[in-house]
Undergrad: 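Got a structure for you, written out below as structure tokens; questions coming shortly.
Values in this document were obtained by computation on a predicted structure and should not be read as measured data.
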Amino acid sequence: MHRRALLAAAASGAGLALLPRQVRAAAEAPETAALLRQGGVVMAFRHALAPGTFDPPVFRLGDCSTQRNLSEDGRAQARRIGVWFNQQALVPARVASSPWCRCLDTASLAFGQAPESWAALGSPRGYTEVTGAAHLQALRKSLAAASARPGRFEVWVTHMFVLADLAGANAASGEGLVLRMGRTGNVETLARLAIPA
């Protein structure tokens, strides 16, 4: 069983009182913001709160009415993610998202722009819930490329199963993992950002 997400987030002390209480609660360890500023990493988020499990049998990609979607709490959580990044003056070089609506909405609400829709970040479907080998290879290749670019970072918005398969770590709704490709080809989780729904 993968570990449950641990609450760890970062913010500088300056202006911390201006953050909403839910963001302040997750903003006590400065290493997350420092890692993003240093660059050469990807902040990979699980989408914000979308109650329920799996998608309905009538699921169709591109039709949000057939999918499990963000609740109002989830939409507010996504906006608070954006508040944290704005407070830290952190701007990702790239925002990519699973093509599922709950991920696209999380990314657009947090970062105020339409994200790049990327199939490799999509949720695995079927009983095994295992990310396809081709998608996992694409994610690893892209993470390796991002890890070789100091001074910039990317944000990916995806699903619990994808994060588990890529990083070997579980994440709560709306939680981000700071990932880097290690020298031996292992995916390293360097820090976490958890902003409650």
Side-chain angles (χ1 to χ4, degrees), residues 1-7 9 20 22-23 25-26 42-85 92 94-139 142-143 154-179 187 189 192-197:
M1 201 72 176
H2 295 298
R3 290 177 304 168
R4 259 296 180 205
L6 301 172
L7 181 66
Q22 297 94 330
V23 179
V42 168
M43 172 70 92
F45 280 96
R46 180 181 174 186
H47 59 76
L49 185 63
T53 54
F54 306 104
D55 284 292
V58 295
F59 169 88
R60 289 192 308 277
L61 205 55
D63 184 349
C64 296
S65 69
T66 68
Q67 300 181 30
R68 201 175 104 231
N69 293 297
L70 300 183
S71 64
E72 284 307 311
D73 285 342
R75 295 176 71 82
Q77 181 184 30
R79 291 186 189 99
R80 286 195 295 273
I81 291 169
V83 168
W84 185 86
F85 276 84
R94 175 194 183 205
V95 178
S97 170
S98 158
W100 271 241
C101 294
R102 56 188 175 270
C103 293
L104 293 167
D105 289 346
T106 298
S108 61
L109 287 167
F111 298 101
Q113 62 187 46
E116 172 192 337
S117 180
W118 187 19
L121 290 170
S123 180
R125 304 199 73 224
Y127 294 114
T128 59
E129 294 297 339
V130 174
T131 306
H135 283 181
L136 200 53
Q137 183 179 10
L139 293 172
S142 189
L143 178 59
E154 298 183 8
V155 167
W156 299 351
V157 183
T158 185
H159 307 262
M160 176 180 68
F161 293 110
V162 176
L163 289 173
D165 291 336
L166 176 64
N170 201 354
S173 296
E175 183 175 22
L177 308 179
V178 180
L179 304 179
V187 176
T189 300
R192 295 173 179 259
L193 175 68
I195 294 177

Undergrad: Taking all atoms of both residues into account, what is the closest heavy-atom pair of G122 and V162, and its distance?
TA: O-CG2, 3.3 Å
Undergrad: Does any non-hydrogen side-chain atom of R68 lie less than 4.5 Å from one of S123?
TA: no
Undergrad: For the side chain of R46 and the backbone of A171, is there at least one donor-acceptor N/O pair under 3.5 Å apart?
TA: yes
Undergrad: Looking at every non-hydrogen atom in both residues, tell me the closest pair between D55 and R102 and how far apart they are.
TA: OD1-NH1, 2.9 Å
Undergrad: My understanding is that only residues two or more places apart in sequence, or in another chain, count here; which of them pass side-chain hydrogen bond (donor to acceptor under 3.5 Å, both in side chains) with S117?
TA: none
Undergrad: Write down the atom of A44, the atom of L163, and the distance for their closest heavy-atom approach.
TA: CB-CD2, 3.6 Å
Undergrad: Residues in side-chain hydrogen bond (donor to acceptor under 3.5 Å, both in side chains) with Q137, at least two apart?
TA: none
Undergrad: Checking T106 side chain against A78 main chain: does a donor-acceptor pair fall under 3.5 Å?
TA: no
Undergrad: Tell me whether R75 contacts the main-chain N or O of L70 through its side chain, where contact means a donor paired with an acceptor under 3.5 Å.
TA: no
Undergrad: Would you please name every residue forming a side-chain contact (heavy atoms from CB on, under 4.5 Å) with Q113, sequence neighbours left out?
TA: V95, F111
Undergrad: Begin from the C-alpha positions of T189 and L179 and carry the test side-chain contact (heavy atoms from CB on, under 4.5 Å) through to its verdict.
TA: CA-CA 5 Å; T189 300; L179 304 179; 3.5 Å; yes
Undergrad: How would you list, by chain and number, every residue that makes a side-chain contact (heavy atoms from CB on, under 4.5 Å) with A120, sequence neighbours excluded?
TA: W118, H135, A138, L139
Undergrad: Contact between L166 and T158 at the side-chain level, heavy atoms closer than 4.5 Å - yes or no?
TA: no
Undergrad: Using only atom types and a distance under 3.5 Å, with no angle test, would you say the side chain of N69 pairs donor to acceptor with the backbone of C64?
TA: yes
Undergrad: Tell me every residue that passes side-chain hydrogen bond (donor to acceptor under 3.5 Å, both in side chains) with R60, counting only those two or more places apart in sequence or in another chain.
TA: D63
Undergrad: Go through it in stages, so that I can follow the logic: the residues are L193 and F85, the test is side-chain contact (heavy atoms from CB on, under 4.5 Å), and I'd like the CA-CA distance, side-chain angles, deciding distance and then a yes or no.
TA: CA-CA 11 Å; L193 175 68; F85 276 84; 4.1 Å; yes
Undergrad: What closest approach, in Å, do L177 and A169 show between heavy atoms, and which atom pair accounts for it?
TA: CD1-CB, 4.0 Å
Undergrad: Taking side-chain hydrogen bond (donor to acceptor under 3.5 Å, both in side chains) as the definition, give me every residue that meets it alongside S98, ordered by chain and number, with sequence neighbours left out.
TA: H159
Undergrad: Return the minimal non-hydrogen interatomic distance between G174 and Q77, and the atom names on each side.
TA: CA-NE2, 3.7 Å
Undergrad: Do you know the tightest heavy-atom contact between S71 and P51?
TA: CB-CD, 3.6 Å
Undergrad: From E175 CD over to M43 CE, what is the distance, rounded to the nearest 0.5 angstrom?
TA: 9.5 Å
Undergrad: Would you say L121 and W100 make side-chain contact, with heavy atoms under 4.5 Å?
TA: no
Undergrad: CZ of F45 to OG of S97: how many Å apart, nearest 0.5 Å?
TA: 12.0 Å
